Amino acid sequence: MTSATPTLPGFDHVRLPGEGGVELSAAVAGHGSPVVLLHGFPETHLMWRHVAPRLAEEHTVVCPDLRGYGDSDKPPAAEEDTYSKRTMAADIVRAMASLGHDRFALVGHDRGALVAFRAGLDHPETITHLGILDVVPTLDMWNVLHGVSAAVAHHLYLMAQPPGLPETMIANSADAFFGSFLDGWTTDTDAIPEEIRTAYLRASAAAVDSIVADYRASAGIDIVHDRADLDAGSQLAMPVTVVQQDWGSQLGYDAAGVWRAWSPDLDHRLTRSGHFMAETSPEEITEVLRALLAR
């Protein structure tokens, strides 16, 4: 497969089947028990460029671009669940089955972490370990945003609007919009070098409609799915590690408590490495994930 973006050295770059005929672009390397790493916004699988090679020394590592992102397919949001986290999680399960893996560990950052969370609830027989970087579940996310402190999540409200206006506004200033998150959410500007930043901006500008659809789903169908599981008392059956910034003190909620309600087997950690922690502090994140995989 050819790509205009940088690649992960030492990884094979392949196309894998997802749901409904969608194909995912993925980087694959290593041997041993399988681990899937899912990227966040506004990034691609390249965010794992430091962590993935380290884990591939001991594991089969698969780094997909989520549907709607990077080099993966970007189907029109014809149905409300086209970009639901349930559908995106099913993509990952199907893609891994095509590689011969019916059980695997799953780690997600940001949007990818919401997909991982949904996969853990929908496919408990498949997900052996769950790693979550810097989110809370969708339903809880909306519940903890209040007043002016919610301004930190202004993009959530913009992309929750009906189709048309968000896509137009973002497309008309794509580099400024997506670049504002790459610049504002990092604690170390050197962690995302110019070549990688350019690749993220190029990929995001080419995926405005599908990125907005992903976020819009989190203001609709994803809430429905989370609430149904909450009402049913569903919990994550596998070992879970959550690493996040200290959003609890900033937004006034018990972050560990939020996650404990979903996960009986929880290791909750705070980091000072900022949102893009896998790029800012890859050694820290690698060791955290190794500890999770050893549980």
Side-chain angles (χ1 to χ4, degrees), residues 6-13 26-41 43-66 70 92 96 99 101 103-117 119-120 127-135 182 185-193 195-197 199-200 236 238-247 255-256 259 263 265-295:
T7 59
L8 293 183
F11 279 66
D12 294 326
H13 290 78
V28 183
H31 300 280
S33 60
V35 181
V36 178
L37 305 178
L38 302 180
H39 65 85
F41 163 90
E43 300 188 300
T44 69
H45 75 280
L46 289 173
M47 66 154 286
W48 298 109
R49 62 193 177 278
H50 303 306
V51 173
R54 290 172 165 90
L55 292 180
E57 295 171 3
E58 303 144 357
H59 300 275
T60 299
V61 177
V62 181
C63 302
D65 287 336
L66 297 167
I92 304 306
M96 288 300 285
L99 294 174
H101 303 299
R103 285 174 58 78
F104 55 90
L106 184 57
V107 179
H109 173 255
D110 188 81
R111 306 305 294 173
L114 298 179
V115 175
F117 170 74
I127 309 304
T128 63
H129 302 75
L130 189 64
I132 301 289
L133 305 187
D134 217 31
V135 297
L182 294 174
W185 288 352
T186 183
T187 58
D188 179 3
T189 55
D190 292 333
I192 304 178
E195 179 190 28
I196 300 298
R197 188 179 192 276
Y200 289 157
L236 297 164
M238 65 293 300
V240 177
T241 293
V242 175
V243 186
Q244 57 188 147
Q245 301 175 82
D246 193 5
W247 291 114
W259 275 106
S263 174
D265 187 358
L266 175 68
D267 178 7
H268 185 272
R269 306 185 185 204
L270 299 179
T271 182
R272 296 182 178 180
S273 297
H275 183 65
F276 300 117
M277 58 191 71
E279 293 165 285
T280 303
S281 300
E283 296 86 358
E284 173 192 355
I285 298 305
T286 300
E287 290 311 307
V288 167
L289 296 183
R290 283 175 172 159
L292 166 65
L293 296 170
R295 283 162 64 189

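Keep in mind that this is a model prediction, so the values were computed, not measured.
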Pairwise distance [atom1]([X]) to [atom2]([Y]) - rounded to 0.5 angstrom:
X      : Y      : atom1 : atom2 : result
Leu38  : Leu106 : CG    : CG    : 5.0 Å
His109 : Ile285 : NE2   : CD1   : 8.5 Å
Gln245 : Thr271 : CD    : OG1   : 8.0 Å

Sorted by chain and number, sequence neighbours left out, side chain to side chain contact (heavy atoms under 4.5 Å, CB included) with Pro282 holds for His50, Val51, Arg54
Counterpart residues, side chain to side chain donor-acceptor pair (under 3.5 Å), relative to His268 (two or more places apart) | Gln244
For the residue pair [X] and [Y], establish whether any side-chain heavy-atom pair is separated by less than 4.5 Å.
X      : Y      : value
Trp48  : Val107 : yes
Glu284 : Arg272 : no
Glu43  : Arg111 : no
Leu289 : Thr241 : no
Leu292 : Arg295 : yes
Phe104 : Ile92  : yes
Leu8   : Cys63  : yes
Val36  : His101 : no

N-O pairing of Glu57 and Arg290 below 4.0 Å = yes
Trace of the side-chain contact (heavy atoms from CB on, under 4.5 Å) decision for Thr286 with Leu55 | CA-CA 7 Å; Thr286 300; Leu55 292 180; 4.2 Å; yes
Using every non-hydrogen atom in the two residues, find where [X] and [Y] come nearest and quote the distance to one decimal.
X      : Y      : answer
Thr128 : Ala105 : OG1-N, 3.4 Å
Ala116 : Gly108 : CB-N, 4.2 Å
Glu279 : Arg49  : OE2-NH1, 2.7 Å
Leu236 : Gly120 : CD2-C, 3.6 Å
His39  : Pro64  : CD2-O, 3.4 Å

Let me see the working for Ile132 and Trp259 under side-chain contact (heavy atoms from CB on, under 4.5 Å), right down to the final yes or no.
-> CA-CA 10 Å; Ile132 301 289; Trp259 275 106; 3.6 Å; yes
Applied to residues 276-295, the ring-ring contact (aromatic ring centres under 6.0 Å, His included) test, sequence neighbours excluded, yields none
Using modelled atom types only, decide if a donor and an acceptor are shared between the side chain of His45 and the backbone of Asp65 within a distance under 3.5 Å.
-> no
Where the side chain of Thr187 meets the backbone of Ser273, is there a donor-acceptor pair that is under 3.5 Å apart?
-> yes
